[in-house]
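A short write-up of the structure that comes next.
These values consider heavy atoms only, across backbone and side chains, with no hydrogens, waters or symmetry-generated copies. In what follows, chains carry the letters A, B, and so on, assigned in the order in which the sequence lines appear, proteins first and then strands, with residues in each chain numbered from 1.
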Protein chains: 2
Amino acid sequence: MLTDRELLILQAIVQIYTSDGQPVGSKALVSQLPMHVSSATIRNEMATLEEIGLLKKTHSSSGRIPSIQGYRYYVDHLLKPDKVQSSDLRQIRSSFNHQFQEIDDIVAESADMLSKLTSYTAFTVKPELKDAKLEGFRLVPLGNHRVMAILVTDNGDVQNRTFKVPSNVDPEALEAVIRIINDELVGLTLSEVFKRLATDIPNQIGKYIETPEGFLDVFEDVLKKSATERFFVGGQLNLLDFSKQHDLGAIRSLYRLMNHSTDLASVLGSPDQNIKVQIGNEITNNLLKNYSLITATYDVDQHGKGVIAVLGPTSMPYSKMIGLVGAFRTELARRLIDYYHDIDDS
Amino acid sequence: MLTDRELLILQAIVQIYTSDGQPVGSKALVSQLPMHVSSATIRNEMATLEEIGLLKKTHSSSGRIPSIQGYRYYVDHLLKPDKVQSSDLRQIRSSFNHQFQEIDDIVAESADMLSKLTSYTAFTVKPELKDAKLEGFRLVPLGNHRVMAILVTDNGDVQNRTFKVPSNVDPEALEAVIRIINDELVGLTLSEVFKRLATDIPNQIGKYIETPEGFLDVFEDVLKKSATERFFVGGQLNLLDFSKQHDLGAIRSLYRLMNHSTDLASVLGSPDQNIKVQIGNEITNNLLKNYSLITATYDVDQHGKGVIAVLGPTSMPYSKMIGLVGAFRTELARRLIDYYHDIDDS
DNA sequence: TCTTAGCACTCCAATGTGCTAAGTGCTAAA
DNA sequence: TTTAGCACTTAGCACATTGGAGTGCTAAGA
């Protein structure tokens, strides 16, 4: 069990180190602490904190910096989120103050905004579609045997994809197929749609089209697209600033990671209600073991839940960041609820 | 006028420097030249070449490196394009050997491929659409007063955008508008379409919709999208490798440049038939004054012309790069002609 | 007149040295 | 338990030293 003074020292070291990046020595710390003790005393306390594993040194005579466990302890027990600066709040609100035509625009804009506010790299994930219902499916002939497939879900998402149909498929058959899909699939949730596509639908369609597989591929493609295109990244370049390692190979892999939606999905993980802080090697992905990740869900009522996240150095100012992420997610949720409100009512 | 020996020396220096990156000294050069002369002779020749402005030193007692003019002279008079390696050619062809559904996929893939082959940053630009004709325009109602506008041009390009219509617009009015557009605009070139949109079309539409401006905006948006989304970039991260300057600000601006289509348009310039090499400050954009840019057009017959480009260090191996770019553009053109062939015939 | 060996000179890059500032651990006294 | 004092460690910086690769110049030879 830690004494009050040890807690104070740990807290001070985390705060100082995360704000100026320099290891904290005993003398410097004396002036920053509320009570008056000598530097020697601090040294002793530091030594015990190091023994416990909450602090470490960069070299044998250096000041102390928090270890992963030190950050962990700080985040779990000592931190209280900063109130977000009113200028930041104003900036968020004004950037949300546009007329957006599509959700994607809002969520993409959010990633940029969040990265600007934090000066780290930010991720945003659209509200999950799993429970969304298929609201409409259209095939629009574009001439020359090309067709655009459009899929609309009840939470306003629109996906499309063009493809070619074999020249032996006649327009009436296509009409019939659309009718089947509209009759059988519209109104179901997307996961149910997937199930049906794997079971009875191919047979029904097979009556009209000789090789239904190709056609179903298109349908699945569009569905998959709406699953994979949920991820947005902002401030990718900021990584260059806060990533001290100048190992180009590592940075390159990171960029690849950030642009690969399935990898991102596994990193951002399954949303729970709280703001989650993962520090260093606590992050599942090995590439990120020298960074910290703050994730939070946002809740758009009946339209599902999405995720926002900030990736920065382990030495980030956690209290500020957590405050910011917390404020941002409520603003984003509010904006999206507005958006859906407009759609539903019009 | 340069003597044969001076030419040989210039050529050798460019080749050595572009392959190993080290300034070339007189002694090292002796062993690389076909004839036998002493290092002192080389030194004399180098001095005159420096006087003319084709070589320069990095410091007073360093070996020589080519100046911008030196590269220029080399590229204009001494270089002959390398034959492209058969492994590279195989790689290009195999990557083109897929079934692509959209031109964009082919052109985007090209940018990646070209950057991989060169290990520099590559740009590809879709064939120009200016003379393309509007082949079809559709408005597809998606429910909840949302509509998707789809625009098809005769060279196979498909653009789309969803938007909301005011709730006081009734479906029949929309039908009427589509009919007007199909009757009046389909078949015209895009530039003619733009003209009509600025003149008489608003009046005609005004009969059916109270505020035609919003609607026309959408139309223009879609047209603009097809103009701005012509640019693809591959291997952006390679910039980190070959850009020796570790000035993060500069790199950041470069990334911004690469993702800003109008800036890119001005950098890549107007295509002419030859492969064009711009070296250092010959490039119009100041940010690129420490790089070299190789641009080439590719010709897809009646479907227009596009551009490919490679951005690398001024000390790039020009003969290899020019050979590669030359081969690549013919392969790309061939692949696109195939693509259009499939569309037109089906 | 062109080429070449020889030599003095220049500069970079690597290495080593010395110093300082900031830090530590330990000990003994308060 | 706290503190002052002291010996010790290390990073970081400024500075000097050195070796090597290169140059330009000169004078002699072809």
Looking at [N], I'd like to know if its phosphate oxygens (OP1 or OP2) sit under 4.0 Å from a side-chain N or O belonging to [X].
X	N	value
S62(A)	dG23(C)	no
T41(A)	dT1(D)	no
K57(B)	dG24(D)	yes
R43(A)	dG5(D)	no

Of the nucleotides dG5(D), dG23(C), dC11(C), which one has an atom closest to the side chain of S60(B)?
-> dC11(C)
Sub-6.0 Å ring centroid separation between F231(B) and F123(B) | no
State whether the distance check finds a donor on one side and an acceptor on the other, under 3.5 Å, for side chain S61(A) versus base dT24(C).
-> no
Record whether the side chain of R64(B) comes under 3.5 Å of the base of dG24(D) through a donor-acceptor pair of N or O atoms.
-> no
Charged N to carboxylate O below 4.0 Å: is that the case for [X] and [Y]?
X	Y	result
K116(B)	D88(B)	no
R5(A)	E45(A)	yes
K289(B)	E282(B)	no

Whichever of T58(B) and S39(B) has the more 5' nearest nucleotide on DNA chain C, that residue is S39(B)
